[in-house]
Amino acid sequence: MTMTDPSLQCIFCKIVRKEIPANEVLRDAHVVAFRDLNPQAPTHILVVPTLHADHLSDFASKAGGAQVTRFLLAAAELGAQFGTDGYRVVMNEGPDGGQTVHHLHAHVLAGRRMSWPPG
Ligand code: 5GP
Ligand code: ZN
């Protein structure tokens with residue numbers, strides 16, 4: 001880790017390192033999942049890779065196959081666990097995608113009927 005490493009200031013890296021608290025629902029070597037502070041559905045979980053990547057495109061170039069697979073399967077496992085009648089997985093990237101935290105995360109939303117198209 002160098003002095004310019006983005007993970008030093010990154011809020012989700014701080015949650016991964018347990019420097020700030022989060023309501024965790026899953027943790028292993030590749031992913032941490034925790035409740036969103038501002039939930040948009042009865043269940044709103046964020047799945048984050050333990051490896052810092054700014055967004056999905058960055059993750060695709062940095063991460064190994066095992067990390068990418070685990071990230072996707074963790075979202076599916078949590079969706080199946082909390083979404084008894086289905087769920088939605090969302091990843092926002094860049095200004096047009098509405099991304100506000102620049103550490104890749106998948107939103108797992110469940111517990112209500114979702115509308116389409118998204119806003
Ligand atoms: P984005 O807009 O980047 O796709 O989503 C970022 C999400 O992170 C938002 O839904 C926001 O509520 C959530 N969030 C931001 N800061 C924190 C935090 O410190 N803890 C938790 N649990 N969620 C956060
Ligand atoms: Zn980070």
Side-chain angles (χ1 to χ4, degrees):
M1 203 157 65
T2 67
M3 290 306 284
T4 55
D5 193 315
S7 72
L8 286 174
Q9 296 306 319
C10 171
I11 191 130
F12 287 175
C13 282
K14 289 181 179 178
I15 289 174
V16 168
R17 292 193 298 260
K18 297 189 173 180
E19 291 168 12
I20 62 171
N23 189 346
E24 291 187 18
V25 295
L26 183 160
R27 172 180 283 269
D28 67 22
H30 292 317
V31 295
V32 178
F34 50 89
R35 305 270 182 185
D36 196 293
L37 265 189
N38 182 24
Q40 302 301 313
T43 294
H44 187 170
I45 292 166
L46 302 174
V47 186
V48 309
T50 52
L51 174 74
H52 177 92
D54 289 358
H55 41 54
L56 189 59
S57 322
D58 188 29
F59 190 55
S61 63
K62 271 185 181 169
Q67 290 165 304
V68 174
T69 301
R70 183 63 195 129
F71 177 58
L72 190 58
L73 292 185
E77 284 168 17
L78 291 164
Q81 183 182 342
F82 290 95
T84 49
D85 215 13
Y87 61 93
R88 181 171 289 178
V89 177
V90 175
M91 283 177 254
N92 299 323
E93 178 162 333
D96 277 0
Q99 184 177 15
T100 59
V101 175
H102 298 278
H103 178 133
L104 173 64
H105 49 282
H107 299 255
V108 178
L109 299 147
R112 67 168 171 83
R113 197 58 53 95
M114 309 288 159
S115 59
W116 193 265

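Note that the structure is a prediction, hence the values are computed from the model and not measured. Each ligand, and each atom within it, is numbered from 1 in the order the structure gives.
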For Q99, take its heavy atoms, then give the atoms of ligand 1 lying under 4.0 Å from any of them. 3 (O)

Which one holds for I11 and ligand 1: side chain close, backbone close, both close, or neither close, with close meaning a heavy atom under 4.0 Å? side chain

Take a 6.0 Å sphere around CD of Q9 and say whether it holds more than 12 heavy atoms from other residues, nucleotides or ligands. no

Option set L104, V101, V90, T100, criterion heavy-atom distance to atom 15 (C) of ligand 1, minimum: V101

Tell me if the CG atom of D96 is crowded by more than 12 foreign heavy atoms within 6.0 Å. no

Should H107 be listed as contacting ligand 1, given a heavy-atom distance under 4.0 Å as the test? yes

Distance (rounded to the nearest 0.5 Å) between R70 CZ and H30 NE2: 8.5 Å

Can you confirm, on distance only, whether ligand 1 has an N/O atom lying under 3.5 Å from any N/O atom belonging to G98? yes

Can you tell me how far apart CZ (R112) and CG (D85) are? Round to the nearest 0.5 Å. 13.5 Å

Qualifying residue for side chain to side chain contact (heavy atoms under 4.5 Å, CB included) with V32, from L26, V48, L46: V48

At under 4.0 Å between heavy atoms, is it the side chain or the backbone of N23 that contacts ligand 1, or both, or neither? neither

So, using salt bridge (Lys or Arg N to Asp or Glu O under 4.0 Å) as the criterion, who are the partners of K62 when residues are at least two apart? D58

Can you find an N or O of N92 that's nearer than 3.5 Å to an N or O of ligand 1? yes

Non-neighbouring partners of Q81 that pass side chain to side chain donor-acceptor pair (under 3.5 Å), sequence neighbours left out: none

Could you tell me whether Q40 approaches ligand 1 through its side chain, its backbone, both or neither, with non-hydrogen atoms closer than 4.0 Å? neither

If the cut-off is 4.0 Å to any non-hydrogen atom of L46, which atoms of ligand 1 fall inside it? 8 (O), 13 (C), 23 (N)

In this structure, does ligand 1 have an atom that sits under 4.0 Å from one of the heavy atoms of M91? no

Any chance you could measure C10, atom SG, to R17, atom CZ, to the nearest 0.5 Å? 8.0 Å

Could you give the distance from OG1 (T100) to CG (N92), rounded to the nearest 0.5 Å? 7.5 Å

Ligand-side contact atoms (ligand 1) for residue partner N38, heavy atom cut-off under 4.0 Å: 12 (O)

Distance in Å, F71 CZ paired with L51 CG, rounded so as to fall on 0.5 Å steps: 11.0 Å

Atoms in ligand 1 flagged as close to F34, the criterion being non-hydrogen separation under 4.0 Å: 21 (C), 22 (N)

Do any N or O atoms from the side chain of Q99 and from the backbone of D54 form a donor-acceptor pair under 3.5 angstrom? yes

Test ring-ring contact (aromatic ring centres under 6.0 Å, His included) applied to H105 - qualifying residues, sequence neighbours left out: F12, H107

F12, any N or O under 3.5 Å of ligand 1 N or O: no

Tell me the protein heavy atom at minimum distance from atom 23 (N) of ligand 1, and give that distance in Å. L37 N, 3.3 Å

Quick one: how many protein N/O/S atoms are under 2.8 Å away from the Zn ion (ligand 2)? 4

Roughly how far, to the nearest 0.5 Å, is the CD1 atom of I11 from the NE2 atom of H102? 12.5 Å

